[in-house]
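Because only heavy atoms are used, hydrogens play no part in the values below, and waters and symmetry mates are left out as well, while side chains stay in.
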Amino acid sequence: MSQALSVGDTAPDFELMADDQSTVKLSDLSGKTVVLLFYPMDFSPVCTNEHCSFGPKLSEITGGSDDTKVFGVNCDHPFAHAEFKKQNNIPYPLLSDTSREMVKAYGMFAGETPFNCAARGTVVIGPDGKIKAYEPVEILTERKVEDLAKMAS
């Protein structure tokens, strides 16, 4: 995995394309809590299970607040994200980092594995733009909604 960030660090700005081909920029989300759900690949079993469990319980992760924004992030193409989101009823944007620059900046790149993909992990950025929570997760380990809710609160 690439160099990790620490709680209290300023979150690196990013500008990524979402599944609907809109652009999402961290600096445009100033004043909001941002939850980044890094995951290896669309359509893989663990990733699919996670997102299928996160979607229906999104309000638990956000605490029901419009001031908390959740994004899935990996290195797949926006068109793959759009289909993955559609097939699994995912209610939050999926961001595409095909250059792998953002996942590396956040320490969430799995390295030069055969799949050259994002790692699994969660980063919560506070309204002040600082890392509030940072948790890498083993690539085959499924995250739990309860843990995400605690991190985001």
Beyond-backbone contact of [X] with [Y], side-chain heavy atoms, under 4.5 angstrom:
X: Leu94; Y: Ile90; result: yes
X: Ile125; Y: Leu26; result: yes
X: Val73; Y: Met102; result: yes
X: Val124; Y: Val34; result: no
X: Tyr106; Y: Phe38; result: yes
X: Val70; Y: Ile61; result: yes
X: Asn49; Y: Phe54; result: no
X: Phe14; Y: Leu36; result: yes

Given 3.5 Å as the limit, does a donor-acceptor pair link the side chain of [X] with the main chain of [Y], or not?
X: Lys132; Y: Ala152; answer: yes
X: Ser44; Y: Met41; answer: yes
X: Tyr39; Y: Thr48; answer: no
X: His81; Y: Leu95; answer: yes
X: Ser65; Y: Thr62; answer: no
X: Ser96; Y: Asp76; answer: yes

### Query
Should we say atom CD of Glu146 is surrounded by more than 12 heavy atoms from elsewhere, each under 6.0 Å from it?
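Above 12, so yes.
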
#### Entry: More than 12 heavy atoms of other groups within 6.0 Å of Asp66 CG
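Incorrect, the count does not exceed 12.
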
### Gap separating the CG atom of Asn74 from the NE2 atom of His77, nearest 0.5 angstrom
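Nearest 0.5 Å value for the CG-NE2 distance: 12.0 Å.
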
### Query
Roughly how far, to the nearest 0.5 Å, is the NZ atom of Lys150 from the CD atom of Glu135?
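Glu135 CD to Lys150 NZ: 10.5 Å, rounded to 0.5 Å.
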
### Donor-acceptor pair between Asp97 and Ser99 side chains, under 3.5 angstrom
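On atom types as modelled, these side chains qualify, holding a pair under 3.5 Å.
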
### Message
Checking Arg120 against Thr141: is there a side-chain donor and acceptor pair closer than 3.5 Å?
### Response
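Result is no, nothing qualifies.
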
Where do [X] and [Y] come nearest, in terms of heavy atoms and distance?
X: Pro40; Y: Cys47; value: CD-SG, 3.4 Å
X: Arg143; Y: Thr122; value: NH1-OG1, 3.0 Å
X: Ile139; Y: Ala110; value: CD1-CB, 4.3 Å
X: Thr33; Y: Pro127; value: OG1-CD, 3.6 Å
X: Pro93; Y: Ala18; value: CB-CB, 4.4 Å

### Query
Asn116 and Arg100: side chain to side chain contact (heavy atoms under 4.5 Å, CB included), yes or no, with the steps?
CA-CA 9 Å; Asn116 201 20; Arg100 291 156 179 78; 3.4 Å; yes

[X] and [Y]: same hydrophobic cluster, using ILVMFWY side-chain contacts below 4.5 Å?
X: Ile131; Y: Val103; value: yes
X: Leu5; Y: Met108; value: yes
X: Val145; Y: Leu37; value: yes

### Task
Please list, chain by chain and in numerical order, all residues satisfying ring pair (Phe, Tyr, Trp, His ring centres under 6.0 Å) with Phe84, sequence neighbours excluded.
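Listed in chain order: Phe43, His51.
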
#### Entry: Qualifying side chain to side chain donor-acceptor pair (under 3.5 Å) pairs with a residue from residues 7-20, counting only residues at least two apart or across chains
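Qualifying pairs, neighbours excluded: Thr10-Lys130, Asp13-Ser27, Asp19-Lys85, Asp20-Ser22.
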
### Query
Passes side chain to side chain contact (heavy atoms under 4.5 Å, CB included), Cys52 versus Asn88? Steps please.
CA-CA 6 Å; Cys52 286; Asn88 295 292; 3.3 Å; yes

### Query
Given Val24 and Phe71, is the side chain to side chain contact (heavy atoms under 4.5 Å, CB included) satisfied, shown in steps?
CA-CA 10 Å; Val24 174; Phe71 299 94; 3.8 Å; yes

